[in-house]
*Asks:* 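Please read through the structure below; I'll follow up with questions.
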There are 2 protein chains.
Amino acid sequence: MRAVANSASGDSVVDRIVRLLSAFPEDVSALQLSELAERAGLPLTTAHRLVRQLAHHGLLDAAPGGLVRPGLRLWELVNRTAPTLALRQAAMPFMEDIQQVLNQNVNLAVLDGWDALFVERLSRRGSVANRARVAGRMPVHTSSAGLALMAHQDRLLQSQYLDQFADPDGKVATDAVRLLLSETFHQGFAQLKGVVDPDTWGIAVPVLDARQRAVASLGVVVPLREMRLQALVPALQTAARGIARRLNDS
Amino acid sequence: MRAVANSASGDSVVDRIVRLLSAFPEDVSALQLSELAERAGLPLTTAHRLVRQLAHHGLLDAAPGGLVRPGLRLWELVNRTAPTLALRQAAMPFMEDIQQVLNQNVNLAVLDGWDALFVERLSRRGSVANRARVAGRMPVHTSSAGLALMAHQDRLLQSQYLDQFADPDGKVATDAVRLLLSETFHQGFAQLKGVVDPDTWGIAVPVLDARQRAVASLGVVVPLREMRLQALVPALQTAARGIARRLNDS
DNA sequence: TGAAAGCGTCCCATTCAACGGAAGCGGTGC
DNA sequence: GCACCGCTTCCGTTGAATGGGACGCTTTCA
């Protein structure tokens, strides 16, 4: 083979950089250069060069010996200007209140594609602080947060979403999800039991903007035997309204 | 002028992408394309193309009309695999304890260059939740966190740091900082009054690794009239040791 | 102990993707 | 209606990105 010069595979430098940054698995903090190259689908040489350039700017951290890890500067850049910053700031006090009063795990999510993306989470006081799931995802139909978010979206987006389920076996799955969304919409909150964990119950309410679209969801995860549903939901809804008001003000 | 083809200015694509991502100011969530281009020092056309590519991957979010903001996917990528994740997880429970017991603002910082980079912060209960300063920086010699970090580093790094101050007017400034560091080292904690805010007092202790190097600092900001220094410092030191132990275990 | 394998690093000829000036387009204000 | 401003598209030019090959180091295995 002769040297094929610029990206034979037809992807741009940007594509490669994104693949490189995305190649880090969730639970691993450092990766060997060769493994990183393979995960990113890049020739070793190319990966090496890009890593060096990115490391020069601090987006990656390349230890001698080819050990690569995400860089501090990248974290700084992102967390200084994060798109969810305003939302999280607005929500934090309310989340703390919920956590204090109900003594439950609280989470805040936004819709991204067909997933709920968790942007903040407070764990139940006393248990080990659990921020691991921040930046985690769950499919819309398997999380109360996802249902609360999707139930309050444009009809267009909802039907696009429901079309996803049409492929495997006709309309049955679609109808089931449609029913779930409808219930969620009319009740004003979503509940789902035993999905994350068989012994827990997820409950989430939407944070609505002026046009009654969900911009976020506020949820709790409680033990199955929790009996205060009647108290939980109004508390969440009140907090969600508070968050919405703060968002409009700022 | 003729079209000068690839980057006349001699910087790589990576450089440009970094400049683009860094161009967002701290307090602004969205930027006009033309302004972004100017801030990044890029021709409008180039900025436009790069933004479009980055937006395609979700690293940026380009609204029609040229409004650009940081993308959700970037936030997700970084926060899933952040280099400070383990540290923050280890520290969170202890920070919560400090916050509860002392009822003060607590912060966690690491050393990056000649700055303390704040990676986590809990605000005083009752006051508005203040996560704004997460990912904020302060120079080593103007923050108790910075002093606590620098005082427990390699001699080599310290002297490189102190050399910074030699330029303006000889050794006077250097000596002052050296003294500060020395005091901090021997006392086992750093204190600095009225720097962030004239009415507050910053106190920080190092989180030390097995070789007695500071990997992080744990600090509080208290009102000047706070009198419980004798109680504060031991509490912080105990927490710092707890964090260190957790870091070693994992 | 010596060979082989694995890995990071450097080199460098090839060439295509990145570049950016110019022109087009749509909106806004005078 | 014209001038201005900013985003977007187009397209010829060309040098920066590419990646196979080679090297040196360390580790593994016979």
Side-chain angles (χ1 to χ4, degrees), chain A residues 1-25 28-71 83, chain B residues 1-25 28-71 83:
Chain A
M1 272 300 120
R2 88 171 47 75
V4 195
N6 270 1
S7 76
S9 19
D11 46 14
S12 66
V13 181
V14 172
D15 292 330
R16 290 153 189 241
I17 291 175
V18 173
R19 286 221 301 280
L20 218 44
L21 293 178
S22 313
F24 287 91
V28 173
S29 68
L31 229 50
Q32 213 61 24
L33 176 59
S34 52
E35 193 185 346
L36 181 62
E38 188 173 10
R39 281 177 168 276
L42 293 176
L44 177 62
T45 314
T46 301
H48 176 255
R49 179 168 28 83
L50 288 178
V51 165
R52 189 151 41 89
Q53 289 181 342
L54 290 169
H56 178 252
H57 289 283
L59 299 212
L60 291 179
D61 185 27
L67 209 62
V68 184
R69 67 188 73 223
Chain B
M1 274 304 117
R2 85 170 49 74
V4 195
N6 271 0
S7 78
S9 19
D11 47 15
S12 65
V13 180
V14 172
D15 292 330
R16 290 151 190 243
I17 292 175
V18 173
R19 286 221 300 282
L20 216 46
L21 294 179
S22 314
F24 287 91
V28 173
S29 67
L31 229 48
Q32 213 61 23
L33 177 59
S34 52
E35 193 185 346
L36 181 62
E38 187 173 10
R39 281 176 169 277
L42 293 176
L44 178 61
T45 312
T46 301
H48 177 256
R49 179 167 28 82
L50 288 179
V51 165
R52 190 152 40 89
Q53 289 181 342
L54 289 169
H56 177 252
H57 289 284
L59 298 213
L60 292 179
D61 185 27
L67 208 63
V68 184
R69 68 187 73 226

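Note on naming: letters A, B, ... go to the chains in the order of the sequence lines (proteins, then strands), and numbering restarts at 1 for each one.
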*Asks:* Please tell me which of the listed nucleotides, C:dT9, D:dG19, D:dT18, lies nearest to the side chain of A:Thr45?
*Replies:*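 The answer is D:dG19, which lies nearest to the side chain.
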*Asks:* Using the test side chain to side chain contact (heavy atoms under 4.5 Å, CB included), find all partners of A:Arg39 that sit at least two apart in sequence or belong to another chain.
*Replies:*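 In terms of side chain to side chain contact (heavy atoms under 4.5 Å, CB included), with neighbours along the sequence ignored, A:Arg39 is linked to A:Ala23, A:Pro25, A:Leu31, A:Glu35.
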*Asks:* Name the nucleic acid region contacted by B:Ser34, choosing base, sugar-phosphate or nothing; use a 4.0 angstrom heavy-atom cut-off, strictly under.
*Replies:*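 B:Ser34: backbone/sugar contact only, no base atoms under 4.0 Å.
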*Asks:* Quick check against the 3.5 Å criterion: does A:Thr46 have a side-chain atom that pairs as donor or acceptor with the backbone of A:Leu42?
*Replies:*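 Between the backbone of A:Leu42 and the side chain of A:Thr46 there is no qualifying donor-acceptor contact (under 3.5 Å).
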*Asks:* DNA chain D in dot-bracket, Watson-Crick or G-U pairs under 3.5 Å, [ ] crossing, | other strand?
*Replies:* ||||||||||||||||||||||||||||||
*Asks:* Please check: side-chain N/O of B:Arg19 versus main-chain N/O of B:Ala40, any donor-acceptor pairing under 3.5 Å?
*Replies:*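 Flag set: sc B:Arg19 to bb B:Ala40 pair under 3.5 Å.
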*Asks:* Find the distance B:Ile17:CD1 to D:dA17:P and express it as a whole number of Å.
*Replies:*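 It is 10 Å, rounded to the nearest whole Å.
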*Asks:* Give the intermediate values and the outcome of side chain to side chain contact (heavy atoms under 4.5 Å, CB included) for residues A:Leu60 and A:Leu21.
*Replies:* CA-CA 8 Å; A:Leu60 291 179; A:Leu21 293 178; 3.9 Å; yes
*Asks:* Of the candidate nucleotides D:dC7, C:dA18, C:dG8, which contains the atom at the shortest distance from the side chain of A:Leu33?
*Replies:*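 So the nucleotide nearest the side chain must be C:dG8.
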*Asks:* Please state how far atom CG in A:Leu42 lies from atom P in D:dT18, giving the value in whole angstrom units.
*Replies:*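 Atom-to-atom, A:Leu42 to D:dT18, this comes out as 8 Å.
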*Asks:* Can you check the A:Leu44 CG to D:dA22 P distance for me, whole Å?
*Replies:*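 Between P of D:dA22 and CG of A:Leu44: 16 Å.
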*Asks:* Does C:dA18 have OP1 or OP2 under 4.0 Å away from a side-chain N or O of B:Arg49?
*Replies:*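 Indeed not, no polar side-chain atom of B:Arg49 lies that close.
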*Asks:* Over how many whole Å does the gap from A:Leu60 atom CG to C:dG8 atom C1' extend?
*Replies:*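 Result: 16 Å.
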*Asks:* Kindly give the heavy-atom pair with the smallest separation between B:Ala30 and B:Val28, and that separation in Å.
*Replies:*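 Scanning both residues completely, I find the closest heavy atoms to be O-CG1, 2.9 Å.
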*Asks:* Distance check needed: D:dA17 P versus A:Leu20 CG, whole Å only.
*Replies:*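 Computing the A:Leu20:CG to D:dA17:P distance gives 15 Å.
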*Asks:* Of the listed nucleotides (C:dC7, C:dC11, D:dT8), which one gets closest to any side-chain atom of B:His48?
*Replies:*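 Shortest atom-to-atom distance from the side chain points to D:dT8.
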*Asks:* Nearest whole angstrom, please: distance from the C1' of C:dA18 to the CG of B:Leu50.
*Replies:*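 Going from CG in B:Leu50 over to C1' in C:dA18 covers 9 Å.
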*Asks:* Given C:dT9, is OP1 or OP2 found less than 4.0 Å from the side-chain N or O atoms of A:Arg52?
*Replies:*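 For A:Arg52, the contact criterion (side-chain N or O under 4.0 Å from OP1 or OP2 of C:dT9) is not met.
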*Asks:* Closest heavy-atom contact between B:Val51 and B:Val68?
*Replies:*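 Looks like CG1-CG2, 3.9 Å.
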*Asks:* Using the rule given for side chain to side chain contact (heavy atoms under 4.5 Å, CB included), can you reason through A:Arg69 versus A:Leu67, listing the C-alpha separation, both sets of side-chain angles and the distance that settles it, and then say yes or no?
*Replies:* CA-CA 7 Å; A:Arg69 67 188 73 223; A:Leu67 209 62; 3.8 Å; yes
*Asks:* Go through D:dG19, C:dA18, C:dA22 for me and flag the one nearest to the A:Pro43 side chain.
*Replies:*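 So the nucleotide nearest the side chain must be D:dG19.
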*Asks:* Need to verify one output field. Residue with the more 5' nearest nucleotide on DNA chain C, A:Val13 or A:Leu67?
*Replies:*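 The residue closer to the strand's 5' end, by nearest nucleotide, is A:Leu67.
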*Asks:* Grab the CD-C1' distance between A:Gln53 and C:dA18 for me, whole Å please.
*Replies:*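 After rounding, the gap between these two atoms is 14 Å.
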*Asks:* B:Gln32 CD to D:dC7 P: how many Å, rounded?
*Replies:*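 About 5 Å, once rounded to whole Å.
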*Asks:* OP1 or OP2 of D:dT18 versus the side-chain N and O atoms of A:Thr46: is any pair under 4.0 Å?
*Replies:*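 Looking at the OP1 and OP2 atoms of D:dT18, neither is under 4.0 Å from any side-chain N or O of A:Thr46.
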*Asks:* Think B:Arg16 has a side-chain N or O under 4.0 angstrom from the OP1 or OP2 of C:dG20?
*Replies:*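 Looking at the OP1 and OP2 atoms of C:dG20, one of them is under 4.0 Å from a side-chain N or O of B:Arg16.
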*Asks:* Out of B:His57, B:His56, B:Gln53, which one pairs with A:Asp15 under the side chain to side chain donor-acceptor pair (under 3.5 Å) rule?
*Replies:*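 The single option meeting the side chain to side chain donor-acceptor pair (under 3.5 Å) with A:Asp15 is B:His57.
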